[in-house]
Amino acid sequence: KMKQEIVASVGSKEMLTAAVRAGADAVYLGLSEFNARRNAQNFTLDDLSEAVKYCHIRGVKVYLTLNIILSDKEIKRAIELTVSAAKMGIDGVIATDIGYITEIRKIIPDLPIHASTQMSVHSPAALKILKELGVSRVVVSREMSKKELEEFCKKAKEQSIEVEVFVHGALCMCLSGQCLLSAVLGGRSGNRGLCAGPCRLPFETEKGTGYDLSLKDLSLAEHLEELSAMGVASLKIEGRMKRPEYVAAAVTACREKIDKGAVSDHINGALNGIFSRSGFTDGYYKGNLGRDMFGIRTKENVEDSAKTLSTIHNLYRNERQSVALTADVLVKENAPIKLSLSDGKNTVSVEGEAPQKAINRAADEEYIKARLNKTGGTPYYITNINVELEDNLSVSAALLNDLRRKAVELMSEKRAEVFPVEIKHLKTELTTHKAESLKTIIKIDNLSQLTLSVRESDLVVLPLDINLEDLDLKNKTNFAVELPRGIADEERVLEKLERFKEKGIKTVFCGTLAAKELALSLDCKVVADMGLNVFNSYSAKYFEENCKGVVLSPEMLLSEAVKINSSLPKGIIS
């Protein structure tokens with residue numbers, strides 16, 4: 001069997017129950033602040049404590065999402081919330097903001113950090129930086145092909161970083177973490193957790209469908225064996241804004257594929273019925289990019305959802321018996337009856353009154369086992385019962401049932417126990433910055449834009465694919481080069497960068513961690529570009545170590561940008 005973790009999105013308590021009962025190995029959820037689905041119902045800290053206990057009893061992990069970029073004011077609050085959550089026993093945090101990640105690594109050194117898909121990790125060069133940041137798992141970009149994923153997984157294994165892949169849920173038109181459409185059109189930022197989903201609106205192109213930014217939902221349920229073979233550790237289901245039935249159907253499909261090797265027609269039908277946009281796509285994974293990847297919610301899709309609800313509800317109506325226990329029973333004359341349960345790690349014992357001498361029928365092993373096996377309605381099932389029983393004794397069914405109930409309750413208490421976590425109270429000192437003289441930097445798309453007035457700016461940034469043979473370097477213009485934010489072929493990027501270096505162009509604008517690592521590997525001067533979403537002083541401080549400047553997030557207000565505390569020259573897009 002494939003050993004992969006199924007991680008389900010839960011935006012409410014009912015979704016949590018649905019995910020766990022359908023067979024999720026882990027869930028991810030957000031608090032009401034600082035997560036990429038701030039419009040979901042989400043959880044309070046009290047809810048979180050209950051959720052962690054509920055999940056841990058059932059052997060399910062809980063990951064907290066803090067996957068938005070944070071301002072200076074917000075980082076302190078985000079750290080306080082993370083400390084509270086860590087004390088409640090969460091199993092990891094899914095994060096985006098580099099400033100937040102560097103702080104959390106110092107303050108809660110043992111808390112696993114997962115790099116969110118919002119960090120735009122699309123190629124292996126980013127792995128070295130993630131390792132240095134203390135990240136143990138990366139949720140890769142949804143746009144990666146099978147070939148790119150295979151290569152990435154090999155390199156991730158070398159760095160001992162786990163790979164998590166989205167296998168079901170909505171697709172954005174843009175690279176994750178690089179989209180400004182909702183922020184620009186409606187003032188609701190995807191990078192801040194408030195995406196309004198403008199891709200679903202009617203944007204038209206010639207010969208298009210009329211909804212030419214709306215992609216079908218992703219479904220890779222058929223490819224789970226391949227993902228397992230390449231070393232993908234975790235399968236992620238998106239959908240915190242959806243219904244509980246949605247997460248139940250998606251988890252069940254993955255569970256069936258992993259446990260039985262195929263998804264049943266019944267579940268496939270339910271998955272298609274509960275939510276689709278004219279069907280699903282695996283276009284990115286298979287490299288079949290094109291018109292077939294586009295789809296919208298049709299009237300038929302909505303009607304199918306209504307019909308499917310009640311059948312899916314049955315998938316999570318009852319408690320899922322997922323935790324195996326072994327039992328030992330000791331029945332001796334003149335001694336309390338003793339029952340011990342073990343889950344392999346925890347052992348609990350309870351005692352009841354001594355057995356009576358049998359008047360009619362003496363208790364036998366089968367009679368005792370039958371009573372103890374009645375664990376329906378709990379998360380437990382008993383695989384082995386070892387009975388030590390003296391002859392000619394009578395034991396009431398009520399006593400055995402009571403012992404079983406008490407032992408099961410104790411086991412749940414034991415499994416829900418929270419272990420102390422090390423919290424270090426450190427304060428990062430930020431360097432006060434000196435004012436820089438104002439410089440004008442102009443990015444161009446092609447050489448026809450390289451006019452005399454553009455040449456007179458302090459720096460001209462060229463695209464990587466520009467034809468260097470046509471570039472006139474005799475003028476005194478200062479040039480830099482910008483690396484693409486979606487890098488599919490790292491070798492090609494390095495080759496092109498080498499050519500820029502030969503021409504004396506050594507300053508590189510890098511909008512992703514992979515781009516930064518590639519530029520540093522050739523000893524170039526790196527400017528952290530806008531794609532790195534620097535939104536606070538702690539992120540700026542991280543880039544001070546090996547960058548020459550930073551372009552701040554274009555989503556910042558000017559009043560916020562001037563307060564960013566960093567020794568680096570800071571830039572804004574104007």
Side-chain angles (χ1 to χ4, degrees), residues 11 28-40 42-45 47-48 63-88 90 92-108 111 113-120 133-135 176-177 179-180 182-183 187-196 240 423-433 528 530-544 550-566 568 570 572:
Y28 65 101
L29 49 82
L31 296 168
S32 37
E33 301 167 76
F34 311 137
N35 75 84
R37 292 290 180 273
R38 277 155 69 190
N39 294 326
N42 290 316
F43 290 74
T44 63
L45 274 176
D47 295 336
L48 180 65
Y63 304 128
L64 179 68
T65 56
L66 257 137
N67 55 344
I68 63 165
I69 52 175
L70 299 157
S71 69
D72 277 350
K73 274 190 240 166
E74 291 168 333
I75 276 202
K76 188 167 177 249
R77 172 75 181 140
I79 287 167
E80 283 169 11
L81 285 173
T82 313
V83 166
S84 301
K87 286 177 178 171
M88 290 170 187
I90 59 162
V93 63
I94 304 170
T96 299
D97 190 290
I98 283 187
Y100 165 80
I101 290 172
T102 53
E103 292 301 287
I104 282 301
R105 172 51 56 241
K106 287 183 286 193
I107 293 165
I108 321 174
L111 182 67
I113 296 173
H114 299 177
S116 164
T117 191
Q118 292 295 113
M119 286 189 88
S120 308
L133 284 166
V135 166
S176 301
C179 185
L180 299 172
S182 182
R188 287 176 54 183
S189 162
N191 291 324
R192 304 271 294 138
L194 294 168
C195 179
R240 275 184 285 158
I423 312 285
K424 295 181 173 184
H425 295 283
L426 303 165
K427 194 168 179 341
T428 296
E429 293 303 320
L430 296 165
T431 51
T432 45
H433 57 278
M530 63 179 248
L532 285 160
N533 291 324
V534 173
F535 204 75
N536 57 63
S537 302
Y538 299 91
S539 295
K541 182 179 176 59
Y542 167 77
F543 289 109
E544 284 173 6
V550 58
V551 181
L552 300 174
S553 162
E555 300 188 62
M556 297 188 86
L557 298 172
L558 192 55
S559 57
E560 294 169 322
V562 294
K563 289 180 187 159
I564 292 294
N565 203 341
S566 172
L568 286 178
K570 306 185 300 258
I572 56 163

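A distance of 10.0 Å separates CD1 of Ile572 from CE of Met556, quoted to the nearest 0.5 Å. Note: Asn536 CG to Ile564 CD1 = 6.0 Å, rounded to the nearest 0.5 Å. Rounding to the nearest 0.5 Å gives a distance of 4.0 Å between CD1 of Ile98 and CZ of Phe543. Of the inter-residue distances, the one linking Asp97 atom CG with Leu532 atom CG reads 11.0 Å to the nearest 0.5 angstrom. The CZ atom of Phe34 sits 10.0 Å away from atom CD1 of Ile79, with the distance rounded to the nearest 0.5 Å. Tyr542 contributes atom OH, which lies 13.5 Å from atom OG of Ser566 (distance to the nearest 0.5 angstrom).
By the side-chain contact (heavy atoms from CB on, under 4.5 Å) test, Ala115 is found to be paired with Met119, Leu130, Val135, Val138, residues two or more places apart in sequence or in another chain being considered. Taking the side-chain hydrogen bond (donor to acceptor under 3.5 Å, both in side chains) definition, one finds that Lys106 meets it with Glu103, Thr428, sequence neighbours left out. With sequence neighbours excluded, the residues satisfying side-chain hydrogen bond (donor to acceptor under 3.5 Å, both in side chains) with Arg77 are Glu33. For Ser537, the side-chain hydrogen bond (donor to acceptor under 3.5 Å, both in side chains) criterion is met by Asp72, not counting sequence neighbours. Applying the ring-ring contact (aromatic ring centres under 6.0 Å, His included) criterion to Tyr63, with sequence neighbours excluded, gives His114. Partners of Thr44 according to the side-chain contact (heavy atoms from CB on, under 4.5 Å) rule, which considers only residues two or more places apart in sequence or in another chain, are Asp46, Asp47. Ser189 is linked by a side-chain contact (heavy atoms from CB on, under 4.5 Å) to Ala183, Asn191, Arg192, Glu555, counting only residues two or more places apart in sequence or in another chain. Met88 meets the side-chain contact (heavy atoms from CB on, under 4.5 Å) test with Leu45, Leu48, Ser49; sequence neighbours excluded. Taking Ser182 as the reference, nothing meets the side-chain hydrogen bond (donor to acceptor under 3.5 Å, both in side chains) condition, with sequence neighbours excluded.
You'll find the side chain of Leu64 reaches within 4.5 Å of the side chain of Leu29, heavy atoms only. Considering only heavy atoms from C-beta on, Thr96 stays 4.5 Å or farther from Ile68 through its side chain. The shortest distance between side-chain heavy atoms of Thr65 and Arg240 falls below 4.5 Å. With a 4.5 Å cut-off on side-chain heavy atoms, Gln118 and Asn533 do not count as touching. By the 4.5 Å heavy-atom criterion applied to side chains, Ile107 and Ile423 are counted as neighbours.
For Gly134 against Arg105, the heavy-atom pair with the smallest separation is O-NH2, 2.9 Å. Between Val534 and Ser539 the shortest heavy-atom distance is CG1-CB, 4.0 Å. Minimum heavy-atom separation, Ala540 to Leu568: O-CD1, 3.9 Å. Heavy-atom minimum distance, Leu180 versus Met530: CD1-CE, 3.8 Å. Looking at every heavy atom in both residues, Ile69 comes nearest to Ser553 through CD1-OG, 4.2 Å.
Listed for the Asn67 side chain is no donor-acceptor partner under 3.5 Å among the backbone atoms of Ser116. The main-chain N or O of Ser120 is never found under 3.5 Å from a side-chain atom of Ser176 such that the two would form a donor-acceptor pair.
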Test side-chain contact (heavy atoms from CB on, under 4.5 Å) applied to Leu430 and Tyr538, step by step: CA-CA 8 Å; Leu430 296 165; Tyr538 299 91; 4.2 Å; yes

Please output the side-chain donor-acceptor pairs of residues 80-87 that fall under 3.5 Å, not counting sequence neighbours, one pair per line with the distance.
from	atom 1	to	atom 2	distance (Å)
Thr82	OG1	Ala78	O	2.6
Thr82	OG1	Tyr100	OH	2.8
Ser84	OG	Glu80	O	3.1

